[in-house]
**Student:** 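Sharing a structure, written as structure tokens. Questions coming.
Hydrogens, waters and symmetry mates play no part in the numbers below; they use all other heavy atoms, side chains included. Since we're looking at a predicted model, the values are computed, not measured.
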Amino acid sequence: MSERHVPPERSQDGTGPGEGAREALADAQAGLLAALVAGGEAPPGFDAERLRIQAASLISKRRGTVARLRPDLVALLGVDFAREFEEYARGRPKPSGGSRADARDFAGRLREAGRLQPEPAPPAVPRRWSRFPKALRSLAGAVRPTGTGSPDGFRE
């Protein structure tokens, strides 16, 4: 027979055993994450050199993704692309919008530095075409197949 699981007893303050250990683990994880992606110091017990190498690897991965998304930036910066991206990404976690947001923010930084032309305004939609979808919707209900009553709508 299997043993029945008995939950651990709670202390008077309502916390179970190990609550302090969970908090310590959460703090260590937050410190590790900060060291890897936000330029933070290596938490106690971690090899600072290995974390530096891993952080550089993560920046390299981000750089490759941005290069695929924005080849125009690679062409513009040439051999300086890697250095410029590393300066941008060091100490800055990937934005919450993902890789596309990362590429957008990097381009914005280059734009602010005067290395990239301002984005052109979206082209204005001619007025007559702006009403086209509405016209299609109104016609959709008015158009009926013609025919002599045959099921497929064709004349015999």
**Student:** Determine the minimum heavy-atom distance between R62 and P95, stating which atoms define it.
**Tutor:**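 Scanning both residues, the minimum pair turns out to be NH2-CD, 4.4 Å.
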**Student:** Can I get a per-line list of side-chain donor-acceptor pairs under 3.5 Å for residues 77-84, giving both atom names and the distance, sequence neighbours left out?
**Tutor:**
residue	atom	partner	partner atom	Å
R83	NH1	E87	OE2	3.3
E84	OE2	R115	NH1	2.4

**Student:** Side chains of S60 and R63: donor-acceptor distance under 3.5 Å anywhere?
**Tutor:** yes
**Student:** Compare every heavy atom of P43 with every heavy atom of G31, then report the nearest pair and how far apart it is.
**Tutor:** C-CG, 3.7 Å
**Student:** Using the rule that two of Ile, Leu, Val, Met, Phe, Trp, Tyr join whenever any of their side-chain heavy atoms come within less than 4.5 Å, decide whether L73 and L69 are in one cluster.
**Tutor:**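 No, L73 does not connect to L69 through the hydrophobic network.
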**Student:** Evaluate the side-chain proximity of L51 to L36: yes if any heavy-atom separation is below 4.5 Å, no if none is.
**Tutor:**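 SC-SC contact between L36 and L51 confirmed.
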**Student:** State the CG-CZ distance between L116 and R109, to the nearest 0.5 angstrom.
**Tutor:** 13.0 Å
**Student:** Tell me whether L58 is reachable from Y88 by hopping between hydrophobic residues (I, L, V, M, F, W, Y) whose side-chain heavy atoms are closer than 4.5 Å.
**Tutor:** no
**Student:** Please report the shortest heavy-atom distance between A103 and R70, naming the atom on each side.
**Tutor:**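 Closest pair (atom of A103, atom of R70, distance): CB-CG, 3.8 Å.
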**Student:** Please confirm whether the backbone N or O of Q117 pairs with a side-chain atom of R111, one donor and one acceptor, at under 3.5 Å?
**Tutor:**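 Pair found, side chain donor or acceptor close to backbone of Q117.
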**Student:** Roughly how far, to the nearest 0.5 Å, is CZ of R92 from CG of D102?
**Tutor:** 8.5 Å
**Student:** Could you list the residues that satisfy side chain to side chain donor-acceptor pair (under 3.5 Å) with S99, not counting sequence neighbours?
**Tutor:** K94
**Student:** With the side chain counted from C-beta on, respond yes when I59 and V37 share a heavy-atom pair under 4.5 Å apart, and no when they do not.
**Tutor:** no
**Student:** Are any non-hydrogen side-chain atoms of L110 and F85 less than 4.5 angstrom apart?
**Tutor:**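 SC-SC contact between L110 and F85 ruled out.
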